[in-house]
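Numbered from 1 within each chain, the chains take letters A, B, ... in sequence-line order. Every value quoted in this text rests on a predicted model; they were computed, and no experiment measured them.
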There are 2 protein chains.
Amino acid sequence: MGRLQSFERTTVVQAARDLFWDKGFEATSLADLEDATGLRRSSLYHAFGSKRGLFDAAVEDYQASVIRPRLRTLTGPGIGRASLLAYFSELRSAVSALPEDSPRRGCLLVNCAAGLAGHDDLARQVVEGYRSELTDTLQDALRAAGTAAGGSAPDRAPERARTLASLGMSAMLLARVNATESVALLDTATEQIRSWFPVHAATDA
Amino acid sequence: MGRLQSFERTTVVQAARDLFWDKGFEATSLADLEDATGLRRSSLYHAFGSKRGLFDAAVEDYQASVIRPRLRTLTGPGIGRASLLAYFSELRSAVSALPEDSPRRGCLLVNCAAGLAGHDDLARQVVEGYRSELTDTLQDALRAAGTAAGGSAPDRAPERARTLASLGMSAMLLARVNATESVALLDTATEQIRSWFPVHAATDA
DNA sequence: GGTTTTGTGTATCGCTCAGTACACAATATA
DNA sequence: TATATTGTGTACTGAGCGATACACAAAACC
């Protein structure tokens, strides 16, 4: 059935993703993408149709290979206090491990929220999907941690989920502006969780 | 000493500011700026030197006419619980009052943080200055509210300031993605303040 | 009023952009 | 091996970009 692709799609998409992650959609040119992927634009257009098509593929890969693996910490059986702490600990490692000039700093979707999503409905939906999934997942974990502690106080899960989601998003927002403060925000999330669910009331896995 | 400027600098800068606010630096073209300001590019270049010069003037105006007036609520004599509540109430009004497609949604500096500031040192410094001033101011107000309540517990002001700053920044980030949720984050900040400083312990101005 | 100094309009610069036309390369099928 | 089908490289397009050259307009100063 004709000539075969000489590149692996995943590799190309991830190279493009890191570029978009670093510079944003508009500031990334096709010349940049050619350099990063090693492919000529004829191949890129043949495989993805347009710059935007490649960007959408990059966003999809970002969700699949960055977002979802991280959120998995917060789902599944046995979630609760320890999962919440693990989630922010992982995020903290990710921020503090990367060198100052790494393209992988911050969050592609948070950057979208401040850029493309302002005038692009598709981007807005993706960002909103991310926000709501993050908040809902945090809320579930908070509820699980709360019932494990045996409390029957008024349900503070919604506001706490919003608070944690805010700390996480702000940390991503600041990751390339002030990495130290970004880490401090994630530590603040950890302190909050500890204060809501003191050690004597739950296992600290 | 020659011909006089036929336009008011402030008016022009503010028109440009709203455009940058809405679309960001890169996505705003000189043609857009000509339309918005009513000036030809010869006049713009004569007065501001470059597109970036106009942008910097716009950022300065943004700080002077948007940021600082808002922060003033949190400074001066008699700050404390009521000032904190007032600050987030004002922010809430600003977000919920603006129509869905207003260019003035969100925060120019938050947008910068996710865009320009990633690779532009000047922009990074401006954003970082904003972040630290906001956090410090919130912290001062929190300390004032804390001592007014008479508590001598461990100083929770730093982490609380980070939490409130995060809620504020995230609300700005989401203002153009999901206005309802943006308001919910600001309401969460209000709830947090109320829970830290219950009514029976302070005046609720 | 003449001169100097400064602001504005017109027209255009060189460049980069995303996107494309088309020939050629490579391989699966027959 | 002949053919059909698909991938890749070269070279280019028209449009839009930020920036500028330069003539002209207008007002302050002597």
For Asp32(B), side-chain hydrogen bond (donor to acceptor under 3.5 Å, both in side chains) partners two or more places apart: Lys23(B), Ser29(B)

Can you measure [X] atom [atom1] to [N] atom [atom2] for me and round it to whole angstrom units?
| X | N | atom1 | atom2 | value |
| --- | --- | --- | --- | --- |
| Phe48(A) | dT8(D) | CZ | P | 11 Å |
| Glu8(B) | dG7(C) | CD | P | 16 Å |
| Phe7(B) | dA25(D) | CZ | P | 20 Å |
| Phe55(B) | dA19(D) | CZ | P | 14 Å |

May I ask you to test the [X]-[Y] pair for a side-chain heavy-atom distance under 4.5 Å?
| X | Y | answer |
| --- | --- | --- |
| Phe48(B) | Asp56(B) | no |
| Leu74(B) | Leu71(B) | yes |
| Asn111(A) | Arg176(A) | yes |

Derivation and outcome, salt bridge (charged side-chain N to carboxylate O under 4.0 Å, His left out), residues Glu90(A) and Arg70(A): CA-CA 8 Å; Glu90(A) 285 168 19; Arg70(A) 273 191 196 142; over 6 Å; no

Closest non-hydrogen atom pair, Asp22(A) against Pro103(A): CB-CB, 3.5 Å

Of residues 111-121 of chain A, the positions that come close to DNA chain D - non-hydrogen atoms, cut-off under 4.0 Å: none

Strand-adjacent residues in residues 9-22 of chain B, judged by heavy atoms under 4.0 Å from DNA chain D: none

DNA chain C contacts among residues 28-47 of chain B, heavy-atom distance under 4.0 Å: Arg40(B), Ser42(B), Ser43(B), His46(B)

Could you tabulate the donor-acceptor pairs under 3.5 Å formed by side-chain atoms of residues 5-18 of chain A, not counting sequence neighbours?
residue, atom, partner, partner atom, Å
Gln14(A), NE2, Asp61(A), OD1, 3.4
Arg17(A), NE, Asp61(A), OD2, 2.6
Arg17(A), NH2, Asp61(A), OD2, 3.3

Side chain to side chain donor-acceptor pair (under 3.5 Å) between Ser170(A) and Ser170(B), worked out: CA-CA 6 Å; Ser170(A) 300; Ser170(B) 299; 3.0 Å; yes

Side-chain donor-acceptor contact under 3.5 Å, Thr163(B) with Gln192(A): yes

Lys51(B) side-chain proximity, nearest of dG18(D), dT8(C), dG7(D): dG18(D)

Summary of ring pair (Phe, Tyr, Trp, His ring centres under 6.0 Å) pairs that have at least one residue in residues 57-93 of chain A, sequence neighbours excluded: Trp21(A)-Tyr62(A)

CZ (Arg52(A)) with more than 12 external heavy atoms under 6.0 Å: yes

